[in-house]
Amino acid sequence: MATNETLATDYRSTVNLLKSEFPMRGDLPKKEPARVAWWREQRVYEKRLAANAGNPQWILHDGPPYANGNMHMGHFVNRVLKDAFVKVHLLDGFDARFVPGWDMHGLPIEFETLKHLGLDFHKIDPIELRAKCRERAIHWLGIQRDTILRMGVLGDYEHPYRTIDTEFEATIVETLADLAEAGQMYKGLRATLWCTHDETALAEAEIEYKDKVSPSIYVRFTATDEQRADLFTRFGLAEVADARVAVVIWTTTPWTLPANVAIAVKPDAPYAMQHVSYDDGASEYVIAAEALVDDVVARIASTAAAAGRTISSQRTGHAILGSALVGASVRHPFLDRDSLLVGADYVELETGTGAVHTAPGHGVDDFETGMRFGLPVLNPVDGSGHFVAEATPYAGLEIFAANERIIADLAACGALVQEHAYTHSYPHCWRCKNPVIFRSTAQWFIAMDVNRLRKRIEAQVPDVGWYPTWGENRMLQMIENHPEWCVSRQRTWGTPIPAVICRGCNETVLDAGVARKVATVFRERGLPDANASDLWWTEPIETFLPAGFACASCGGTAFDKEKNIVDIWFESGVTHRAVLRQRGMHWPADLYLEGSDQYRGWFRSNLITAVATLGSPPYKNVVSTGWVVDANGRAMHKSTGNYIGADDGMQQYGADVLRLWVASVEFTADMRLGDELLKSIGAVYRNLRNRFKMLLDLTVDLTVEELVPRERLEPIDRLALARLDEVARDVVAAYTSYRLHDVYLALVDFDTSDLSSFYIEMLKDPVYSGERDGARRRSAQSAAFVIFESLCALFAPILSFTTEEAWQCVPESLRAGRASVFDLALPHGSARGTAESGEIELWNVLKRLRTNVAASDGERDFALAAKVYASEALATRLGTLGDGVREALVVSALTMHVDATANDLEPRVELSAAPGAKCPRCRKTLPLSGDAVHPTLCGSCATIVHALHTASDDVKRVEPTVP
RNA sequence: GGGCCAUUAGCUCAGUUGGUUAGAGCGCAUGCUUGAUAAGCAUGAGGUCCCUGGUUCGAACCCAGGAUGGCCCA
């Protein structure tokens with residue numbers, strides 16, 4: 001005899017509890033690589049691009065990562081954000097081709113290659129080194145490309161652009177030709193950041209600051225008798241004969257003192273002369289900024305005390321302005337020359353003495369001050385950081401090693417006021433990590449103020465869309481503060497600056513005609529697997545000279561090649577020409593997207609070369625991202641152990657969880673990343689994954705023939721789709737304005753508050769218990785499928801792996817030829833105006849009513865009957881939904897009552913136990929059917945079960961039993 | 001040291017032109033469910049809106065100063 005339990009179990013087999021193939025667990029690290037391979041085999045990207053052919057282009061131009069080293073989570077963020085925006089536009093039908101690129105020349109690779117192969121830069125043949133560097137760069141490109149593809153991105157990764165390609169090198173040289181022709185380039189002497197280890201000039205972007213301990217010294221520059229008289233006069237004082245008078249300077253680079261030619265003072269700051277008396281009767285006068293003179297005296301006292309002496313001091317006369325000191329001079333402490341007092345606004349009064357040691361050969365400010373006052377540019381240091389012969393008595397010494405000697409000599413001659421070790425932030429070479437120096441060398445420059453270039457750029461910055469909006473101001477500052485752009489490098493791995501030196505007059509010239517000829521030679525003779533620019537090294541100069549080329553100065557026709565290469569920031573600065581223009585993509589690009597460091601880097605270099613040679617910015621929109629920091633908000637470093645590599649991250653969590661994390665954070669600011677955080681994102685991922693699973697399970701037996709068109713759906717299902725439309729519009733708007741985090745918020749909110757806790761809750765009864773082919777069930781399933789399909793498309797740019805996996809579980813007929821999730825169309829949810837807003841209003845009314853039911857004490861849901869009290873207008877509107885209102889509330893019975901006092905949008909609900917008995921099949925509490933065969937079932941279930949028996953003998957017969 | 005940016009619940013984030021009791025997801029606790037079950041639903045606890053001062057009838061929001069962190073520079 002059957003019990004109640006077996007009875008229920010038996011009816012269970014008549015319920016539509018169907019399962020799709022989609023597993024609850026993601027197993028992402030294990031399964032994702034196969035999906036990557038599948039996308040490539042199926043040529044999903046190429047097919048979608050072909051399907052979109054002829055439609056408007058949308059171009060995200062890829063900023064090239066440097067082909068050196070493994071990728072970190074910052075790279076992950078960069079690639080995934082780009083991928084998401086490219087995919088949105090692909091799904092939306094745009095010709096959104098994406099050509100990734102790599103930055104492959106430059107010192108870091110040259111250095112890494114030398115180190116990797118154990119080679120000596122000074123001994124290896126340049127052509128051989130260049131071949132090795134090429135191999136090495138291609139090696140890294142391969143490693144990085146594998147990591148990037150593992151992230152699940154789409155793009156033309158079989159044909160990336162590379163700065164080592166012949167076409168790219170030709171474009172670099174051609175751009176130099178354009179700049180030379182426009183008069184934008186010049187060669188000049190310049191205090192340049194110089195790495196003595198790598199023996200090259202460095203760009204600002206190749207510098208990193210870190211702490212360094214330097215000798216901090218205060219030095220007397222003592223006046224001669226004549227100079228003393230002048231100084232006393234300037235202070236309006238009578239000369240004190242035979243007194244020692246000195247201007248005291250402060251420096252942390254004693255080795256630059258041999259190049260000292262001046263002392264800079266702040267023209268509008270007061271300067272004081274202080275009389276210092278020693279206990280042994282000696283005395284001196286020291287001059288420094290009034291704000292700092294007491295500090296100088298304290299240092300004198302400190303040094304005196306160390307020697308067992310004491311001092312006293314008092315102010316002499318009144319302070320005078322720095323401008324009154326300009327033109328005076330004092331003697332260099334150990335060389336036989338004067339040091340001139342000059343004025344400079346940059347002199348600061350917070351530290352030091354207010355009297356700044358000035359060596360035009362060893363500092364940018366110093367150089368400019370030197371130019372203004374006509375000072376000689378002394379440069380007694382060679383490329384390897386040793387003093388040259390002119391720098392007697394220190395010739396041959398390495399500069400940092402010479403510090404000690406110089407300090408000792410200063411002490412010996414009484415010029416040293418004080419010395420102590422000083423830790424400060426100091427520029428270091430980004431590659432070899434050694435401290436760099438300023439040294440004046442002859443370099444090629446792009447002139448920022450010729451042809452009003454700076455002004456022209458500034459005028460066009462506001463025409464670009466900057467996200468976040470402060471980017472505009474940031475870029476304006478970058479342009480305003482951009483120094484003359486030094487584009488030459490004295491290294492081997494790069495594209496040559498094709499300048500020639502006239503043998504007749506030794507004049508160096510960068511000629512547009514020569515440069516264009518060089519580009520032509522590259523294109524004609526460059527081999528696919530070799531460096532086209534090797535030709536500059538291997539071919540005779542005549543190969544590159546246009547017919548009849550002669551020196552403009554002396555008419556000479558014999559030339560030598562100059563052996564400078566171009567700054568790699570200039571190379572990546574012309575990607576907009578080399579890639580967009582060469583590959584049939586429109587110019588300017590729609591979007592550049594990089595880390596916020598690129599305002600100074602790639603955003604700026606592209607902007608400059610574009611405005612200088614093509615007249616306008618290379619991009620319509622620029623998006624910048626923040627930095628990935630650790631769970632505590634600290635910068636990630638391999639050395640501090642909080643570093644997460646991209647490969648490791650994907651191996652541990654799966655790419656899709658990390659992709660979801662990217663969407664879950666506000667990427668324009670710093671992004672925190674840590675285990676706890678990723679576990680939390682993992683939970684969100686599982687939620688979303690379950691929603692895809694549930695929607696698939698609910699629709700697994702739906703076929704395209706049974707798919708109910710939207711206009712014939714049940715009213716309650718149309719309401720759900722109205723809400724979907726609203727979400728789709730919000731999401732698409734967020735995507736197209738690059739607000740990925742808003743996409744995430746909108747989709748998660750819809751998933752949680754509309755689907756999981758509301759719509760899916762109400763769909764379970766009609767889908768599980770309803771007549772399998774009945775109109776109600778098919779309508780519910782059709783709406784669920786539309787939601788599923790839309791969610792796949794809306795989520796595909798973020799959860800690429802998961803949406804594809806889910807899409808592959810859709811029955812063939814419903815996929816309708818859309819083999820991949822990336823064949824779907826982005827749903828725009830076209831608005832239907834007031835009709836829709838009415839529907840959404842009604843949807844929200846139902847959600848609030850359902851909340852009342854779900855939160856009720858004691859009995860809930862199908863154990864309940866509901867009485868809804870609504871205004872007459874609202875009752876009428878709810879009436880149009882028929883049984884949908886009861887379904888939405890997930891109750892067994894519902895009656896509608898007019899309450900004239902009720903607000904139009906705030907109906908009241910009254911709950912009570914539903915009359916009848918719990919139907920063991922549908923679990924609703926309803927009157928018994930009174931059916932002879934199935935007396936415990938409700939009427940609807942009895943009918944359904946009877947129909948099943950009639951339809952199929954396979955269905956197990958359920959015998960009536962007496963409890 | 002300077003410019004820019006950020007700071008709201010344990011975590012990630014919302015927070016409309018200044019306006020009642022500052023919200024959501026995750027996590028946590030409790031209950032329900034066992035026909036989404038390595039799931040689902042509900043309820044609840046949890047906040048010095050970085051600090052200080054100012055403007056205002058009223059400040060998470062506006063102003064000034066500061067702290068911490070980040071990027072770019074010096």
Side-chain angles (χ1 to χ4, degrees), chain A residues 8-9 11-12 15-20 22-26 204-205 207-209 346 348 350-351 363-365 424-427 468 470-478 480-481 483 595-601 604 624-636 660-661 663-666 668-698 741-742 744-749 751-753 755-758 760-761 763-765 767-769 850-851 853-861 890 921-923:
Chain A
T9 306
Y11 282 121
R12 190 171 191 271
V15 179
N16 308 305
L17 293 171
L18 305 172
K19 295 287 177 204
S20 68
F22 190 75
M24 181 171 281
R25 293 195 64 183
E204 319 118 72
I207 293 299
E208 50 189 47
Y209 285 82
Y346 56 77
E348 48 131 11
E350 278 76 45
T351 51
V364 171
D365 286 340
H424 59 151
S425 178
Y426 189 87
W470 51 256
E472 176 177 333
N473 185 39
R474 186 83 178 260
M475 182 55 77
L476 282 172
Q477 288 182 24
M478 289 298 169
E480 188 189 343
N481 299 328
S596 60
D597 55 334
Q598 300 304 334
Y599 286 105
R600 193 175 188 82
R604 182 168 73 166
S624 71
T625 72
W627 285 67
V628 179
V629 295
D630 74 10
N632 300 314
R634 303 305 175 107
M636 279 191 179
L660 188 62
W661 164 72
S664 80
V665 294
E666 181 50 62
T668 57
D670 293 335
M671 293 159 272
R672 290 189 185 211
L673 186 61
D675 277 333
E676 188 197 355
L677 175 54
L678 283 172
K679 284 198 180 78
S680 164
I681 295 297
V684 179
Y685 172 81
R686 282 198 304 278
N687 284 354
L688 294 169
R689 185 177 176 90
N690 265 296
R691 227 70 65 225
F692 281 107
K693 174 173 169 54
M694 187 63 176
L695 291 169
L696 276 170
D697 288 350
L698 289 173
H741 182 66
D742 289 346
Y744 172 87
L745 291 177
L747 287 174
V748 169
D749 179 56
D751 171 75
T752 310
S753 64
L755 291 183
S756 189
S757 65
F758 186 51
I760 287 178
E761 285 293 301
L763 286 186
K764 287 194 285 193
D765 180 52
V767 173
Y768 291 157
S769 320
R850 164 62 188 157
T851 301
V853 176
S856 64
D857 293 330
E859 298 293 335
R860 279 212 296 246
D861 298 352
V890 199
R921 182 173 178 278
C922 72
R923 296 178 169 176

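Values below: every heavy atom of this structure, side chains too, minus hydrogens, waters and symmetry copies. Chain naming here is simple, since letters A, B, ... match the order of the sequence lines and numbering starts at 1 in each. What you see is a predicted model; the values in this text were computed from it and never measured.
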Check your understanding: When all nucleic acid strands are considered with a 4.0 Å heavy-atom cut-off, which category describes A:Ile760: base, sugar-phosphate, or nothing?
Key -> base
**Study point:** Student check: side-chain heavy atoms of A:Val665 and A:Tyr744 closer than 4.5 Å
**Key:** no
**Study point:** B:rA45 versus B:rG40 - spacing of their P atoms, nearest Å
**Key:** 23 Å
Practice item. Take atom C1' in B:rC28 and the same atom in B:rC11, then report the distance between them in whole Å. Key: 12 Å
Practice item. Please confirm whether any donor atom in the side chain of A:Arg850 sits under 3.5 Å from an acceptor in the base of B:rC41, or the reverse. Key: no
Exercise for review: Say whether, by atom type as modelled, one donor and one acceptor occur between the side chain of A:Arg672 and the main chain of A:Val629 under 3.5 angstrom.
Suggested key: no
Check your understanding: Whole-Å distance between B:rG25 P and A:His741 NE2?
Key -> 14 Å
Practice item. Look at the side chain of A:Ala854 and decide which nucleotide, out of B:rC71, B:rA42, B:rU12, has an atom nearest to it. Key: B:rA42
**Study point:** Ion pair check, A:Asp861 and A:Arg850, cut-off under 4.0 Å
**Key:** yes
**Study point:** Nucleotide of B:rG35, B:rC5, B:rA36 approaching A:Arg923 most closely (side-chain heavy atoms)
**Key:** B:rG35
**Study point:** Protein-nucleotide distance (A:Trp661, atom CH2; B:rG25, atom P), rounded to Å
**Key:** 23 Å
**Study point:** Rounded distance (Å) that lies between atom P of B:rU7 and atom CG of A:Asn632
**Key:** 18 Å
Review point. How does RNA chain B read in dot-bracket, base by base from 5' to 3', with Watson-Crick or G-U pairs under 3.5 Å and | used when the partner is on another strand?
Key: (((((((..((((.....[...)))).(((((.......))))).....(((((..]....)))))))))))).
Exercise for review: Please state the P separation for the pair B:rU68 and B:rC26 - nearest whole angstrom.
Suggested key: 36 Å
Review point. For atom C1', what is the distance between B:rA14 and B:rG23, given to the nearest Å?
Key: 7 Å
Practice item. Determine the contact category for A:Asp597: base if any of its heavy atoms lies under 4.0 Å from a base atom, sugar-phosphate if only primed atoms, P, OP1 or OP2 are that close, otherwise nothing. Key: sugar-phosphate
Review point. Below 4.0 angstrom from OP1 or OP2 of B:rA42, is there any side-chain N or O of A:Arg860?
Key: no
Review point. Is there a side-chain polar atom (N or O) of A:Arg634 under 4.0 Å from OP1 or OP2 of B:rG69?
Key: yes
Review point. What's the CG-P distance between A:Asp365 and B:rG1, to the nearest Å?
Key: 18 Å
Check your understanding: Does A:Ser769 put a side-chain nitrogen or oxygen below 4.0 Å from OP1 or OP2 of B:rG35?
Key -> no
Check your understanding: Should the pair A:Arg923 and A:Tyr11 be classed as cation-pi, given the thresholds of under 6.0 Å to the six-membered ring centre and 45° from the axis?
Key -> no
Practice item. Go through B:rG3, B:rU43, B:rG25 for me and flag the one nearest to the A:Val684 side chain. Key: B:rG25
Check your understanding: Checking A:Asp749 side chain against A:Leu745 main chain: does a donor-acceptor pair fall under 3.5 Å?
Key -> no
Review point. What does A:Arg689 touch in the nucleic acid at a heavy-atom separation under 4.0 angstrom: a base, only the sugar-phosphate, or nothing?
Key: nothing
Practice item. Kindly point out which of B:rC4, B:rG40, B:rU43 is positioned nearest to the side chain of A:Asn473? Key: B:rC4
Exercise for review: Round to the nearest Å and state the distance from A:Glu472 atom CD to B:rG3 atom C1'.
Suggested key: 16 Å
Practice item. For A:Tyr768 and B:rU34, give me the distance from atom OH to atom P, rounded to whole Å. Key: 13 Å
Exercise for review: Sticking with atom P, work out how far B:rU8 lies from B:rC62, rounded to a whole angstrom.
Suggested key: 15 Å
Review point. Does A:Asn687 have a side-chain nitrogen or oxygen under 4.0 Å from the phosphate oxygens OP1 or OP2 of B:rG25?
Key: no
Check your understanding: If we take the P atom in both B:rG66 and B:rA74, what is their distance in whole Å?
Key -> 24 Å
Review point. Within the side chain of A:Arg689, is there an N or O that forms a donor-acceptor pair under 3.5 Å with the backbone of A:Pro23?
Key: yes
**Study point:** Main-chain N/O of A:Leu747 paired to A:Asp751 side chain as donor or acceptor, under 3.5 Å
**Key:** no
Practice item. Measure the distance from OH on A:Tyr599 to P on B:rC71 and round it to the nearest whole Å. Key: 15 Å
Check your understanding: With a 3.5 Å cut-off and just heavy-atom distances, do the side chain of A:Arg12 and the base of B:rG35 make a donor-acceptor pair?
Key -> yes
Practice item. Give the rounded distance in Å between these two atoms: NZ of A:Lys764 and P of B:rU34. Key: 10 Å
**Study point:** Separation of the P atoms in B:rG19 and B:rG58, to the nearest angstrom
**Key:** 14 Å
Point to revise | Rounded P spacing from B:rU21 to B:rC49 in Å | key: 14 Å
Check your understanding: Can you check whether A:Arg860 reaches A:Val853 side chain to side chain, under 4.5 Å on heavy atoms?
Key -> no
Study note, to complete from the structure: By nearest-heavy-atom nucleotide on RNA chain B, the more 5' of A:Ala683 and A:Gln598 is A:Ala683
Check your understanding: If you check the A:Glu666 side chain, which of B:rC13, B:rC4, B:rU43 turns out closest?
Key -> B:rC13
Practice item. Check if the side chain of A:Ser756 and the base of B:rA36 share a donor-acceptor pair of N or O atoms closer than 3.5 Å. Key: yes
Point to revise | Minimum-distance nucleotide (side-chain atoms of A:Ala855 versus B:rG70, B:rC73, B:rU43) | key: B:rU43
Check your understanding: For A:Gly626, does its backbone N or O pair with a side-chain atom of A:Asp670 as donor and acceptor, under 3.5 Å?
Key -> no
Review point. How would you label the contact of A:Met694 with the nucleic acid (heavy atoms, under 4.0 Å): base, sugar-phosphate, or nothing?
Key: base
Review point. Within the structure, does a side-chain N or O atom of A:Arg691 lie under 4.0 Å from either OP1 or OP2 of B:rA36?
Key: no
Practice item. Tell me what A:Val15 touches on the nucleic acid: a base, only sugar-phosphate, or nothing, going by heavy atoms under 4.0 Å. Key: base
Review point. When you measure from the side chain of A:Arg604 to the backbone N and O of A:Met478, does any donor-acceptor pair fall under 3.5 Å?
Key: yes
Exercise for review: Looking at every strand, decide which applies to A:Leu745 at a 4.0 Å heavy-atom threshold: base, sugar-phosphate, or nothing.
Suggested key: sugar-phosphate
Practice item. For A:Ser680 and for A:Ser757, locate the closest nucleotide of RNA chain B by heavy-atom distance; then report the residue assigned to the nucleotide nearer the 5' terminus. Key: A:Ser680
**Study point:** B:rA38 base / A:Arg686 side chain donor-acceptor hit below 3.5 Å
**Key:** no
